[in-house]
Trainee: 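Next up is a structure, given as C-alpha cells.
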Amino acid sequence: MKQGSYDFQAIERRWRRHWQDEKTFRTLGPGDAGFDPQKPKCYVLDMFPYPSGAGLHIGHPKGYIASDIYSRFKRMQGYNVLHPMGFDSFGLPAEQYALEHNVHPAVTTESNIQTIRSQLEFLGLAYDWDREIATSRPDYYRWTQWIFLQLYHAWYDPDRVWTDAAGRTTRGRARAIESLEAEFASGTRKMTPVDRDTAGDRDWSDLNRTERQTILNNYRLAYQQDMMVNWCPKLGTVLANEEVTNEGRSERGDYPVYRRPLKQWVMRITAYGDRLLEDLDDTGMPDGHGGTFSLDWPEPVKLMQRNWIGRSEGAAVDFQVLHPDTGEPVSDLRVFTTRPDTLFGATFMVLATDHPLVNPENPDCLVPAQWPADTNERWQGEVPAGSVSEALSAYAAQSQAKAEPVANNAEEKEKTGVFSGLYARNPVNGEHLPIFVADYVSMEYGSGAIMAVPAHDERDFAFATRYGLEIRPVVQAPPGEDQTCFTGEGTSVNSPGSGASPFAINGLPTREAQERITAALETAGLGCFMVNYRLRDWVFSRQRYWGEPFPLAIAEDGAVLPVEPPVLLPEMEDFRPQTSDDPDTPVQPPLSRAPESWRTIKVAGEWAQREFNVMPQWAGSCWYYLRFIDPHNEATFCDETRQQYFMPVDLYIGGAEHAVLHLLYARFWHKALFDLGHVSSPEPFHKLFNQGMITADAFQDSRGVYVDIREVEVREGEPYHATTGERLTRSGGKMGKRFKNGLPPEEVGTEYGVDTLRLYEMYMGPLEASTPWSMEGIRGMQRFLQRVWRNLVDAAGELRIGGELTPELDRLMHRTIQRVSADLEGLRLNTAIAALIELNNELVGETDVPAELARNLLLMLAPFAPHMAEEIWERAGFQTGSIFVQQWPQADPSRVVAEQIELPVQVNGRVRGTLRISPDATEEQVRQAAMSMDNVRRYVADPAHIRRFVYVSGKIVNIVV
RNA sequence: GCCGAAGUGGCGGAAUUGGUAGACGCGCUGGACUCAAAAUCCAGUGAGGGUUACACCUCGUGGGGGUUCGAGCCCCCCCUUCGGCACCA
C-alpha cells in the first residue's frame, strides 16, 4: 500500500483495537468514579440477537449499525449514552443445535456468542462490552428467577385505586400476596364462588396450607392451571401458538401438533389488558426523574398490539337451562355478547364442544339420554349414535380430528353442530331456545357459550340456514344496506316498544339500545356490563432443558415452595426431551431425568421435588434492558438509583417481528415491577423503531436446490451457475442461510471496508424500509469514502488542509450541518449521507480544504464511518483525544441564507421561468420582476388583466390569467 | 374476509409535508488519462417533440375521478405487492 492511499484494512484494524483497548465507549452511571450527573442520559438499545451457530449475515446488523450511528451522534452531542449489547441465549434452537452437534448447549451457546461478538466488534460497533449479558448465564438468569418469584408472590387487585409520580390515577395494581392473605384472614375480602369450591363454607383460618395455596393460585400473577396446549410429541414439548404453522404442524421439524390439557405455569397478563391498551396512548406517564413521557412508537405496531389485546365491550347475560325432564330452570348459562340489543333476536344457543354443561363427567351435566321427541334428524349429528351424549362426544371427536392437529386455516368454514337435547330460557322474553354444541364456539373466549342471533351474525346465520332454525331480524339496517344478515348498527325493531317492559328498546339506535338493555339486565339481576379480551394468559412452561429452571419445589402435600435463586440447571449427559409418535404419551420434561441430588431439595426443613419445567425463551428478554444498566450487581437485579437514571430506554431499534409478543410481554413484566415498586416508569421503551430487512435475490437450480450467490453469474440479466453453466431461477426475498443468499459481514467488510459496508447499508433507503442488497451499489459508497480521503489526504500521505472558506462553501457547510443533524435525529440516515456526499463533491478539485470545513466534515462523517474519521482526525491533530469525545458541530442559521434565491415563476400553475432575487424582496418587487420575464409575457396575454397573483414568500410565484 | 403499510426513471431511492418531481447513489453513454485495462477525472442521462445552436413545448409519481392558483402529497372509487389477524361471539 502506498503511504497516501486509503488503506481501510489497516485503519479499521487499528481503530477497532484502539477502541477496545481504551474502552472508549464505556459508559459511567451513578456510583461510578468520574460519573457526571449533569450530563443528560440517552439509552440506545438494540433488540439483542439470538446467538445461532450460523453467525450473522450482512442483513442482520442493519439495525445495529443504525443504533451505533445514533449513539455516536448523541455522545458527540454531549449525552451520557448507554449502548449495550448481549445475547438471548436460552431456547429451543440452541437446544436443537446442541443436539445436532452432540455437544452440551452451554458449550455451543458460549462458542456461538464468541462468534457473534467478534462479528459485531468487526463492524466497529460502539458497545460497552463490559456490560455484556447472556440470558443463559447463571448470574443473569438467577434474576430472571427472582423476578418470577416477585410475580408469583403478587396478585392483581383490580379495585386498588392509586396515584403515580406523574399524578395519574389508576384503578388496579399488583400487590404483595401477603396483603391478600391478610384480607382473607381478616374477612375484609370475601372468597369468590371459585374460591368456595376449595374452601366450602369454612373460614380462611380453617384452611390448611394446600387449600390456601389453591385459593391464592386464583389470584397470583404467576399461577398454575390446566391449559389446553399445543403438544408436539415428536419434539417432546409444548409449543407456543406462534411456533405452530397454519397447517397445525411444528414450525421446527414440521411434526404434528395436538391440543391437550396440561398443568402449566401461566402468567396473568390479562389482568393488565386495560393498562397495556391505555398506556399505548397515555401522554403523561412518569419517566422516573420528574418528567413525563408517552410512547413514540410506529402506529402500526400500536395497532397490532391493540388488536392482539382485542378488548371488546358487551354484556354478560345469564340464560337459564331447563331440566330436560321437568322443564324447570335448573342452572345458569352465562353468555357474552357484544350485541345485547339483539337479545330478542336470539333463536338458539351454542356451546363449545368442551363446555362443562355437556361434559358427562361433570355432575352438573344435564344432557338427557334420549333426544326429545320430534328432534330433527339433522340435528342429531352425522354419526349414528345411541344416546345424545354419544352423539355429542362423537361430534367433539370428529371436530377435534378435523381440527387435528390444530385448525387455524379458514378452509373448514362450514358450520356444523349437534343438538344437546337441552333448552334454555331467554331471560328477557321467556322463550325456549334449543342448545347446540358446535365447534365454531371456543371454550377459550368469553364463557364458551353464545346466544345465537342468526339475523345479525354471519356465523349464526350460516348455522341457522344449515339446520333450519328461525332467523328473526331485530335491527333495521339503514336505507341502502343489505337487510339479510345485517351486522352493522341500525335501529332496534321486533323488540318490546315503549311501555311496561324494562327492556323497551324498539326504535332506539343500536348504541342506545345496548346501553338501555344492559342497564335493565343489571337491575333485574340477569346480567351485567362486561369487557372481554382476545388476549389470553401467557403459558409460561416449556418441557425442555435449555431454559431457566423455576425457583420452585413441590412439597409432598402438593404445596408449592419457593426456592431462593439461583436454581442452576443441572449438568445432564442426556438433555433430550422424551419424544414419541403417540400424542397421548405422558409428558416428561428432561429435568425429570436430572440426578436425584438435583430433583429433590430440602426447603425449610422439608423435602420437596423441584419443578421440572423451564421458562419460555421470552422470559430472559422481558427485562434484559434493566440488567444492562447494572449488569454485575450481585445484590439486586438492578440498582434503583441507576435504574432511575437510565430508564426509560430512549430509542429501541429492532425488527417488526417482535411487534406484538416480545414487546407485550416485556411491557407486562415492567408494569408488574412498576406496581411492586421495583422500577420507576410504567413503560420501558420510549421510542421504538422497526428497521426494515435487507432482502436479496435467491437462486435455485432445476431441482429447486438453492445455489450459493457466490456461485451465481449474471449474464445479460439472466442468472447462471458459474461452474455448471446451468440456467437458474431467481426469487427475491429474505436473506438467510436457507436461501444461501447471505454473506458474512467479514467477507464484505474485508473486501470493501467496514466503513463502506456501514455506509452502504444505511444509504440503501429509509431505515424502516426493506431494500434489496446490491453488490454494485456498495461500490458507490466506497468511491465516496475514497473521495473524502483524497480530498483531505494527498498522494504522499500529507494532509491537504488549509486556505480560506469561500462564502459559498461556508453556506454549504452550515446548510449541511443543519441537514445532517436533523436527519440523524430523525434516523433519516440515507438522506444524511446524501448531504455529506454533496458537500464532499464540492471539495473535489480543490487544492486544499479549509480547516474549519475539514473539521466539521470529519465530525459529521464520524458516526457513519468511524474508523476513517478517527484516522484522519488523529493525523490532522485538530484536538487530542478520540473524535468521539468532540462536540458535534453547530449550524449558524444566519449563515445558511443565500443573498439570492431562485424563485420559480408559474403561469396558470405551469413553470415558465426562474427568477433570481433577494429573499427579502417585497411582493411588489417580485411582481415587477416576474412580469418583465420574456417567457412570462409570452403566456400573459394582457398584463393589465391578471385574475390572481400568488406569491408564497421565498417559495413560488403563480400568475393566474 | 377484516385491519395495516406501500406503489415515483433502467435500478435503490429524494422531494423542507400542498409550492420547480426525479436530490444522492448505482447503471448506462461520450470524453480525458493509459500501449491497453482497472482506478480516477470531466460531461450527459425520465419519455417525446423542437432548434444550426440556444431557447422552448407536450406528457409524466399504479389506474380513474375530484378539491385547489397549484396535487407524488388532500378526498372518493379501483388495481397490484407486502405485513398482521383470522370462526373472538
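Proteins get letters first, then strands, A, B, ... in listed order; numbering begins at 1 in each. Keep in mind that this is a model prediction, so the values were computed, not measured.
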Trainee: Ignoring backbone atoms, establish whether A/R790 has a side-chain N or O less than 4.0 Å from OP1 or OP2 of B/C41.
Mentor: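 For A/R790, the contact criterion (side-chain N or O under 4.0 Å from OP1 or OP2 of B/C41) is met.
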Trainee: Of all heavy-atom pairs between A/L836 and A/M860, which one has the smallest distance, and what is that distance?
Mentor: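 What the structure gives for the nearest pair is CD2-CB, 3.7 Å.
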Trainee: Assign each of A/A769 and A/V960 to its nearest nucleotide of RNA chain B by heavy atoms, then name whichever residue's nucleotide is nearer the 5' end.
Mentor: A/A769
Trainee: CD of A/E768 versus P of B/G13: gap in Å, rounded?
Mentor: 11 Å
Trainee: With rounding to the closest Å, how many angstrom separate the P atoms on B/U61 and B/A71?
Mentor: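 To the nearest whole Å, 11 Å.
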Trainee: Looking across every strand, which nucleic acid part, if any, lies under 4.0 Å from A/R828 by heavy atom: base, sugar-phosphate, or nothing?
Mentor: nothing
Trainee: Where are the stems of RNA chain B, defined as at least 3 consecutive Watson-Crick or wobble G-U pairs with both distances under 3.5 Å?
Mentor: B:1-7 with B:79-85, B:10-12 with B:24-26, B:27-32 with B:40-45, B:46-49 with B:56-59, B:62-66 with B:74-78
Trainee: With sugar-phosphate meaning primed atoms plus P, OP1 and OP2, does A/S442 contact a base, only sugar-phosphate, or nothing at under 4.0 Å between heavy atoms?
Mentor: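 Base: the residue A/S442, judged by heavy atoms under 4.0 Å, touches a nucleobase.
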Trainee: A/Y395 side chain to A/T416 main-chain N or O, any donor-acceptor pair under 3.5 Å?
Mentor: yes
Trainee: I need the A/K734 NZ to A/F739 CZ distance, nearest 0.5 Å.
Mentor: 7.5 Å
Trainee: Would you state whether a donor and an acceptor, one from the side chain of A/R311 and one from the base of B/C88, lie under 3.5 Å apart?
Mentor: no
Trainee: Quick one: closest heavy-atom pair of A/V301 and A/A659, and the distance?
Mentor: CG1-O, 3.7 Å
Trainee: Using the P atom as the reference point in each nucleotide, state the distance between B/A37 and B/U51 in Å, no decimals.
Mentor: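 So the two P atoms sit 37 Å from each other.
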Trainee: On a whole-Å scale, what distance lies between the P atoms belonging to B/G22 and B/G60?
Mentor: 16 Å
Trainee: Step through it carefully: locate the ring centre of A/F436, locate the ring centre of A/F463, and say whether they are under 6.0 Å apart.
Mentor: yes
Trainee: Could you give the CE-to-C1' distance, from A/M443 to B/C87, as a whole number of Å?
Mentor: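 Distance check: A/M443 CE to B/C87 C1' gives 16 Å.
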Trainee: How do A/S447 and A/M304 order along RNA chain B: which one's closest nucleotide is nearer the 5' end?
Mentor: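 The residue mapped nearer the 5' terminus is A/M304.
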Trainee: Using a cut-off of under 3.5 Å, enumerate the N/O to N/O pairs linking the protein to nucleotides 18-28 of chain B.
Mentor:
{"from": "B/G19", "atom 1": "N2", "to": "A/Q906", "atom 2": "OE1", "distance (Å)": "3.4"}
{"from": "B/U20", "atom 1": "O4", "to": "A/E902", "atom 2": "OE1", "distance (Å)": "3.3"}
{"from": "B/A23", "atom 1": "O2'", "to": "A/E838", "atom 2": "OE2", "distance (Å)": "3.2"}
{"from": "B/C24", "atom 1": "O2'", "to": "A/Y763", "atom 2": "OH", "distance (Å)": "2.5"}
{"from": "B/C24", "atom 1": "O2", "to": "A/Y763", "atom 2": "OH", "distance (Å)": "2.5"}
{"from": "B/G25", "atom 1": "OP1", "to": "A/N841", "atom 2": "ND2", "distance (Å)": "3.0"}
{"from": "B/G25", "atom 1": "O4'", "to": "A/Y763", "atom 2": "OH", "distance (Å)": "2.9"}
{"from": "B/C26", "atom 1": "OP1", "to": "A/R783", "atom 2": "NH1", "distance (Å)": "2.7"}
{"from": "B/G27", "atom 1": "OP2", "to": "A/R783", "atom 2": "NH1", "distance (Å)": "3.4"}

Trainee: Let me know the distance between NE2 of A/H658 and C1' of B/G84, rounded to the nearest Å.
Mentor: 15 Å
Trainee: Counting distance only, does the side-chain N/O of A/D332 pair as donor-acceptor with the main-chain N or O of A/D318 below 3.5 Å?
Mentor: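 Between the backbone of A/D318 and the side chain of A/D332 there is no qualifying donor-acceptor contact (under 3.5 Å).
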Trainee: For a side chain to side chain contact (heavy atoms under 4.5 Å, CB included) check, start with the C-alpha distance between A/W773 and A/I778, then their side-chain angles and the critical distance, and finish with the verdict.
Mentor: CA-CA 9 Å; A/W773 179 267; A/I778 194 171; 4.1 Å; yes
Trainee: I need the CD-P distance between A/E825 and B/U16, as an integer number of Å.
Mentor: 18 Å
Trainee: With heavy atoms under 4.0 Å as the rule, sort A/V844 into base, sugar-phosphate or nothing.
Mentor: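 Contact class for A/V844: sugar-phosphate only.
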Trainee: When rounded to the nearest Å, what value does the distance between P atoms of B/C42 and B/U52 take?
Mentor: 33 Å
Trainee: State, to 0.1 Å, how close A/R937 and A/M931 come at their nearest heavy-atom pair, and which atoms those are.
Mentor: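 Heavy-atom minimum between the residues: CG-O, 3.3 Å.
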Trainee: With rounding to the closest Å, how many angstrom separate the C1' atoms on B/C73 and B/A14?
Mentor: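 Pairwise C1' distance, B/C73 against B/A14, rounds to 14 Å.
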Trainee: If you compare every side-chain N and O of A/R912 against the phosphate oxygens of B/C57 (OP1, OP2), does one of them come in below 4.0 Å?
Mentor: yes
Trainee: In terms of side-chain heavy atoms of A/P300, which of B/A5, B/C87, B/A89 is nearest?
Mentor: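 That would be B/A5.
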Trainee: Please state the C1' separation for the pair B/C33 and B/G25 - nearest whole angstrom.
Mentor: 25 Å
Trainee: Take atom C1' in B/G72 and the same atom in B/U8, then report the distance between them in whole Å.
Mentor: 7 Å
Trainee: Starting at atom CD1 of A/I959, determine the distance to atom C1' of B/C69, rounded to an integer number of angstrom.
Mentor: 11 Å
Trainee: Test your reading of the model: is there a side-chain donor-acceptor pair from A/N908 to the backbone of A/V961, 3.5 Å cut-off?
Mentor: yes
Trainee: If anything within 90° of 0 is syn and all else is anti, what is B/G9?
Mentor: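 Syn conformation here, the glycosidic angle of B/G9 being no more than 90° from 0.
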Trainee: Of the listed nucleotides (B/C69, B/A89, B/U58), which one gets closest to any side-chain atom of A/R948?
Mentor: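 Among the listed nucleotides, the one closest to the side chain of A/R948 is B/C69.
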Trainee: Contact class for A/R910 (heavy atom, under 4.0 Å): base, sugar-phosphate, or nothing?
Mentor: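 Sugar-phosphate, backbone atoms only, no base.
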Trainee: Please check if the number of heavy atoms outside A/E470 that lie under 6.0 Å from its CD is greater than 12.
Mentor: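 Atom CD in A/E470 is crowded, with more than 12 foreign heavy atoms closer than 6.0 Å.
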Trainee: To the nearest angstrom, how far is A/M933 atom CE from B/C56 atom C1'?
Mentor: 13 Å
Trainee: B/A6 C1' sits how many Å from A/E299 CD, rounded?
Mentor: 17 Å
Trainee: What distance, rounded to whole Å, do you find between the two P atoms, one in B/U81 and one in B/C76?
Mentor: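 Those two atoms are separated by 23 Å.
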Trainee: Can you confirm if the aromatic rings of A/W297 and A/F689 lie within a centre distance of less than 6.0 Å?
Mentor: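 A/F689 vs A/W297: aromatic centres not under 6.0 Å.
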Trainee: Specify the separation, in whole Å, of atom CG of A/N307 and atom C1' of B/G83.
Mentor: 13 Å
Trainee: Would you indicate what A/Y939 reaches in the nucleic acid, counting non-hydrogen atoms under 4.0 angstrom: base, sugar-phosphate, or nothing?
Mentor: sugar-phosphate
Trainee: Checking A/D823 against A/T831: is there a side-chain donor and acceptor pair closer than 3.5 Å?
Mentor: yes
Trainee: Can you check B/U17 for me, syn or anti if syn means within 90° of 0?
Mentor: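 Syn for B/U17; the angle stays within 90° of 0.
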Trainee: At under 4.0 Å between heavy atoms, what does A/D460 touch on the DNA or RNA strands: base, sugar-phosphate, or nothing?
Mentor: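 Nothing, no heavy atom under 4.0 Å.
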